[in-house]
There are 2 protein chains.
Amino acid sequence: MSSSAAEHSHADHHDHGKCIADALAAAREICAQRGERFTELRGRVLELVWESHRPIGAYAVLERLKADGRSAAPPTVYRALDFLMEVGLVHRIESLNAYIGCAHPGAAHASQFLICKDCGTAEELESPAIDAALAAAAGDHGFKLAGRVVELSGTCKSCTGS
Amino acid sequence: MSSSAAEHSHADHHDHGKCIADALAAAREICAQRGERFTELRGRVLELVWESHRPIGAYAVLERLKADGRSAAPPTVYRALDFLMEVGLVHRIESLNAYIGCAHPGAAHASQFLICKDCGTAEELESPAIDAALAAAAGDHGFKLAGRVVELSGTCKSCTGS
DNA sequence: CCGGCCTTGGTATAGTATATCGTACTCTAT
DNA sequence: ATAGAGTACGATATACTATACCAAGGCCGG
Ligand SMILES: [Zn+2]
Ligand SMILES: [Zn+2]
Ligand SMILES: [Zn+2]
Ligand SMILES: [Zn+2]
C-alpha cells in the first residue's frame, strides 16, 4: 500500500482499515434498512472512495476499478456514485468535481466542507449555526431552500502548524 | 432582442439595457483604477455574461462571440472570464459550471448565491451573518479560511408564487 | 525605433459527464 | 418452476467543460 506524505502529516492518523470497514458495514446496514441493493460493485466503489480518504475523482475511481481486473467504463462508476449519493453514503464536492464518503451517513443532514489546499483533505462539518444562517438568509428572500453547497477552502490545522 | 418566459416571470423586471450599461461602466472604472486593460474582448464577454442575466456557461459565451462574426476558441473566452473573475467583475457558480456578473463589483466581498431550479436565476447575497457563521466554524477547527463557495438551490420567490 | 510585456488567435488535448441500447440478474406472482 | 417486471450492469459513443502550448500582433517605456 502507498501513503502520501500529506496523509502522514495528519495528526489524527487513525486506523485506516477500520475506518473503511466501519463505513462499509454502516453502508450495508443503511441499504438494508432502505430496501436498496448494496451490490458488490457499489460496495467496491464506496470502498475506493473511502480508501482515498480525501475527495477522489470519478475517473480515478474508474482506474482503480480497472486495476481490479474488472471491466468498467465511465457510466459504471457514475451510476454507482449516483446511487451512493442518493442513499447519502457519499457527497460530491462541486468545487473539485470529486466525491468523498459521508462522515455521518444514515441521517439526513446538511453538511459543509473544509477543504485544505495543501493536503487535499476535506473535513465534513454539520454546523447548525451555519445551516441556521443559510435558512434565515433564504427565508429573508422568500427563497424555498432545497439544496446547499458549502465548500470552504483554505489551510487545515495540521498544514498550518507545519 | 429575445426574452424568455422565465425572464418575464420575474417581479423585478428592471431595465435590462441600463443594467448592462451600468455594469460595463463600473467595469471600465474599476479596471482603470487597478491599472488593468479593459479590452474590447473583455468588455464584450462581460456584456454577454450580463445579457444572459443568469449564470451562463463558457461555451454559451463562446457561441455568442462567434455569432458576432468574431473568431474565437475556448481559450479566448476562458482567458477573458479568468481575467474578469480576477478583477472581481464576474463570479463562477461551481455547482453549475457557469458564470455570472458580480452584483457589487469593486469591493472585495464574500458572496452567496440563491439559485432557482425553476427559472435559473442566481441572486447574489452578501450576508454578514452567513459569513460570520462560516468564519466561526472554520476558526473552531483551526482552519485558515481562504475561499468560500456557498450556493443554495431551491425555488425563488417569483417561481414559488406562480 | 527597439525590446519587453501583455493580449489574442489558433490548434490540440485533457478531464468530466451523459445518452443509449442490450443483456443479465433479482424478485415476485402465478 | 416459469414468466414477467423491474433493476443493475456492460459496452460504445458522444457531449460538455477546461487547459496546454505556441505563434502572431498590439501596446508602451526606453
Ligand atoms: Zn455527510
Ligand atoms: Zn492540510
Ligand atoms: Zn459579487
Ligand atoms: Zn425562479
Side-chain angles (χ1 to χ4, degrees), chain A residues 27-28 31-32 34-49 52 54-87 89-100 120 149 151, chain B residues 27-28 31-32 34-49 52 54-87 89-100 120 149 151:
Chain A
R28 217 174 302 272
C31 286
R34 299 183 42 153
E36 301 281 0
R37 292 166 56 187
F38 190 71
T39 64
E40 201 273 332
L41 172 66
R42 290 167 176 174
R44 181 62 181 137
V45 168
L46 182 60
E47 189 177 17
L48 288 170
V49 168
S52 121
R54 75 198 58 191
I56 183 176
Y59 278 71
V61 173
L62 177 57
E63 280 168 17
R64 287 161 177 72
L65 280 182
K66 285 180 181 169
D68 287 351
R70 179 194 299 268
S71 97
T76 308
V77 53
Y78 279 105
R79 278 188 295 235
L81 288 172
D82 286 347
F83 168 84
L84 294 170
M85 284 191 290
E86 196 84 17
V87 181
L89 295 167
V90 161
H91 294 291
R92 172 175 165 85
I93 309 291
E94 294 292 344
S95 56
L96 299 176
N97 292 334
Y99 306 82
I100 191 171
V149 172
E151 299 170 7
Chain B
R28 219 174 300 272
C31 286
R34 301 184 41 155
E36 300 281 0
R37 291 167 57 187
F38 190 72
T39 64
E40 199 274 333
L41 173 65
R42 290 166 176 175
R44 181 63 181 138
V45 168
L46 183 59
E47 189 178 15
L48 288 169
V49 168
S52 121
R54 75 199 58 191
I56 183 176
Y59 278 71
V61 173
L62 177 58
E63 280 168 17
R64 286 162 177 70
L65 280 181
K66 284 180 180 167
D68 288 351
R70 180 195 298 266
S71 95
T76 309
V77 53
Y78 278 105
R79 278 188 296 238
L81 288 172
D82 286 347
F83 168 84
L84 294 170
M85 284 191 291
E86 196 84 15
V87 181
L89 295 167
V90 160
H91 294 291
R92 172 176 165 85
I93 308 290
E94 294 292 344
S95 55
L96 299 175
N97 292 334
Y99 305 82
I100 191 171
V149 173
E151 300 170 6

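Just so it is clear: chains get the letters A, B, ... in the order the sequence lines come, proteins before strands, and each one is counted from 1.
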Chemist: Just by modelled atom types, is the Ile93(B) backbone N or O under 3.5 Å from a matching donor or acceptor in the Glu151(B) side chain?
Modeler: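 Absent.
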Chemist: Return the CD to CZ distance between Glu40(A) and Arg70(A), rounded to the nearest 0.5 Å.
Modeler: 4.5 Å
Chemist: When you check the phosphate oxygens OP1 and OP2 of dA18(D), does a side-chain N or O of Asn97(B) lie under 4.0 Å from one of them?
Modeler: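 Affirmative; the distance criterion is met.
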Chemist: Going 5' to 3' along DNA chain C, between which two nucleotides do contacts with chain A fall, using a heavy-atom cut-off of 4.0 Å?
Modeler: dT16(C) to dT26(C)
Chemist: Go through the structure and list residues passing side chain to side chain donor-acceptor pair (under 3.5 Å) with Arg42(B), not counting sequence neighbours.
Modeler: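 With neighbours one apart ignored, the set is empty.
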Chemist: The test is side-chain contact (heavy atoms from CB on, under 4.5 Å); show your working for Val45(A) and Thr76(A) and say whether it passes.
Modeler: CA-CA 10 Å; Val45(A) 168; Thr76(A) 308; over 6 Å; no
Chemist: Measure CG/Leu96(B) against C1'/dC16(D) and give the value in whole Å, please.
Modeler: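 Taking CG of Leu96(B) and C1' of dC16(D), I get 14 Å after rounding.
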Chemist: Under 4.0 angstrom, heavy atoms only, what part of the nucleic acid is Phe38(A) near: base, sugar-phosphate, or nothing?
Modeler: nothing
Chemist: Look up atom CZ in Arg92(B) and atom CD1 in Ile100(B), then write down how far apart they are to the nearest 0.5 Å.
Modeler: 13.5 Å
Chemist: Once each nucleotide of nucleotides 6-15 of chain D is scored for protein heavy atoms under 4.0 Å, what B/S/- sequence comes out, 5' to 3'?
Modeler: --SBBBB---
Chemist: Would you give the length of the straight line joining atom OG1 of Thr39(A) to atom CZ of Arg44(A), rounded to the nearest 0.5 angstrom?
Modeler: 13.0 Å
Chemist: Measure the spacing between CD1 of Ile56(B) and CG of Leu96(B) and express it to the nearest 0.5 Å.
Modeler: 12.5 Å
Chemist: Show your working on side-chain contact (heavy atoms from CB on, under 4.5 Å) between Ser52(A) and Tyr99(A) and close with a plain yes or no.
Modeler: CA-CA 10 Å; Ser52(A) 121; Tyr99(A) 306 82; over 6 Å; no
